[in-house]
There are 2 protein chains.
Amino acid sequence: MIDVVLADDHPVVRAGLRAVVDSQPDMQVVHETSTAEDLLAWLDDGGQADVILLDLRFGDARMGGATATGTIVRRHRTPVLVVTTYGTDADILAAIEAGATGYLLKDAPTDELARAVRSAAAGEVALGPDVQRRLLGRMRSPSENLSTRELEVLRLVAAGRSNDAIARELFVSVATIKSHLAHINTKLGTRSRTAAAATARDRGML
Amino acid sequence: MIDVVLADDHPVVRAGLRAVVDSQPDMQVVHETSTAEDLLAWLDDGGQADVILLDLRFGDARMGGATATGTIVRRHRTPVLVVTTYGTDADILAAIEAGATGYLLKDAPTDELARAVRSAAAGEVALGPDVQRRLLGRMRSPSENLSTRELEVLRLVAAGRSNDAIARELFVSVATIKSHLAHINTKLGTRSRTAAAATARDRGML
DNA sequence: CCGCCGATCAACCTTTCGGACGATGCGCCG
DNA sequence: CGGCGCATCGTCCGAAAGGTTGATCGGCGG
């Protein structure tokens, strides 16, 4: 039997996760908390769990999901499965770097969730298909390979400047800016300045 | 007995709403759908409900929650209770203008949800406390002169979509998007989509 | 009832971008 | 030394975006 703990500040979502987990014959919810602090307190108090389902976005809570994940993994070595609504690349990366065993989006079908819980309990990594796709996309375009000049241009693009304005601002010709932008779009896998700016924001590279 | 229909593209949230509703002695879930189209189809097919719990954000679905709300209210006169995760002012306004009977955030406690369902079934308006506070805040500062539609377009622009993509997403022609964008640029004092997106971010209108 | 506004679309034209070449110079590293 | 990546510029062309004007339609308020 897999003992699962839920940590989510949305009562409705907690009820949903509980329903999904309890409907599985081989797992059960043993505890629920609505804040990361409560979760930590429960664990420190001797609470035992096989898997923790954690929401990355704790409303306006003091402790973020990523921080909580790091603390839990370090202190209790319990597998943390991050289940959140929106998956910006930065969030996902942060969670994984913090030591999360898996990352699922809330729009994942229930059987996928159950599978992820079993994988996590077994100590395996469990990433949702969406998440895997995102990570792959990130690999294909390793973002950080933007040169300093390209990043400089990208920042100005994101600020809404035109090529001409950027050229004047950087004391180069428009052709150069276009060239940089072409490289940026190639590296980020985008097709327009606006998409590049949006992607850059998502990845927290500004 | 209050018959409730759920419309949400997140399986977990659907399970959560179902758990909450079914735990109340005076209400029950009679149908679930994951898209607005399915919901409309079910209603058109003779489905009867006392209250509809609808998610405003239907992933990448073709029909937005606000549009769906309008159609349902006009065609079937069934009270629609919008239950969504994040409450942007524009979202709330759009939903209410479309004729939603109530608006709740998903982080609302379960008893508040149950109360809202009863109010909606009785034909009363049911706005969560958070929502009411937001509306008041909005009254004080009339935000921007941007219409809800323009704001919708602006958001997609900021997400990096092309005019063509936005047009397909909103089911209108490219000419309309260009028209909206022209108005947006006039109102914001910008000269390009990227600048408009940047300005919008600065002013926190997304 | 009439006027105004928001949403929708169209046609036309100008400007800006983006893609696909190629070219030069510079610094770094094996 | 000889690549290699980076930054710089150029041209050509097609695609996308922006500006202008004008039109229809529905709702809402005076």
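Remember, predicted model here, so these are calculated numbers, not experimental data. The chains referred to below are lettered A, B, ... by the order of the sequence lines, with proteins before strands, and numbering in each begins at 1.
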Pairs satisfying salt bridge (charged side-chain N to carboxylate O under 4.0 Å, His left out), at least one member in residues 25-36 of chain B, at least two apart
B:R14-B:E32, B:R18-B:E32, B:D26-B:R118
Could you note down all residue pairs passing salt bridge (charged side-chain N to carboxylate O under 4.0 Å, His left out) where residues 70-82 of chain A supplies at least one of them, sequence neighbours left out?
A:D44-A:R75
Taking only residues two or more places apart in sequence or in another chain, which ones pass side chain to side chain donor-acceptor pair (under 3.5 Å) with B:Q28?
B:D3
Who pairs with B:T110 by side chain to side chain donor-acceptor pair (under 3.5 Å), at least two apart in sequence or on another chain?
none
Decide side chain to side chain donor-acceptor pair (under 3.5 Å) for A:D38 and A:T35; before the verdict, give the C-alpha distance in whole Å, the side-chain angles of both, and the deciding distance to 0.1 Å.
CA-CA 5 Å; A:D38 289 351; A:T35 69; 3.3 Å; yes
Restricting to non-hydrogen atoms, name the atom on B:P11 and the atom on A:P109 that form the minimum distance, rounded to 0.1 Å.
CG-CA, 3.8 Å
Which atom of A:A15 lies closest to which atom of B:V20, heavy atoms considered
CB-CG2, 4.3 Å
What does the list of N/O pairs under 3.5 Å between the protein and nucleotides 5-14 of chain D look like, with a distance for each?
| from | atom 1 | to | atom 2 | distance (Å) |
| --- | --- | --- | --- | --- |
| D:dA7 | OP1 | A:S147 | OG | 3.1 |
| D:dA7 | OP1 | A:R149 | N | 3.1 |
| D:dA7 | OP2 | A:S147 | OG | 2.2 |
| D:dT8 | OP1 | A:R149 | NE | 3.1 |
| D:dT8 | OP1 | A:R149 | NH2 | 2.7 |
| D:dT8 | OP2 | A:R149 | NE | 3.0 |
| D:dT8 | OP2 | A:H180 | NE2 | 2.8 |
| D:dC9 | OP2 | A:S173 | N | 2.8 |
| D:dC9 | OP2 | A:T176 | OG1 | 2.8 |
| D:dC9 | O5' | A:T176 | OG1 | 3.4 |

Nearest whole angstrom, please: distance from the [atom2] of [N] to the [atom1] of [X].
X	N	atom1	atom2	answer
B:R191	C:dT14	CZ	P	18 Å
A:N185	D:dA15	CG	P	17 Å
A:I177	C:dG19	CD1	C1'	17 Å
A:L188	C:dG18	CG	C1'	15 Å

Looking at B:R193, does any N or O in its side chain come under 4.0 Å of the phosphate oxygens OP1/OP2 on D:dG18?
yes
Taking atom types as modelled and ignoring hydrogens, do the side chains of B:N185 and B:T190 form a donor-acceptor contact shorter than 3.5 angstrom?
yes
Using a 4.0 Å cut-off on protein heavy atoms (strictly under), produce a 5'-to-3' string for nucleotides 23-30 of chain D with B for base contact, S for backbone-only sugar-phosphate contact, and - for none.
--------
Rounded to 10°, the helix from C:dC1-D:dG30 to C:dG30-D:dC1 deviates from straight, judged by its five-pair end axes, by 40°
According to salt bridge (charged side-chain N to carboxylate O under 4.0 Å, His left out), who are the partners of [X], at least two apart in sequence or on a separate chain?
X	answer
A:E152	A:R149
B:E124	none
B:R168	B:D164

Is there a residue in residues 157-166 of chain A whose heavy atoms reach under 4.0 Å of DNA chain D, and which residues are they?
none
Are B:V5 and B:L53 packed together at the side-chain level, in the sense that at least one heavy-atom pair is separated by less than 4.5 angstrom?
no
Check ring-ring contact (aromatic ring centres under 6.0 Å, His included) between B:H31 and all other residues, then give those that pass, not counting sequence neighbours.
B:W42
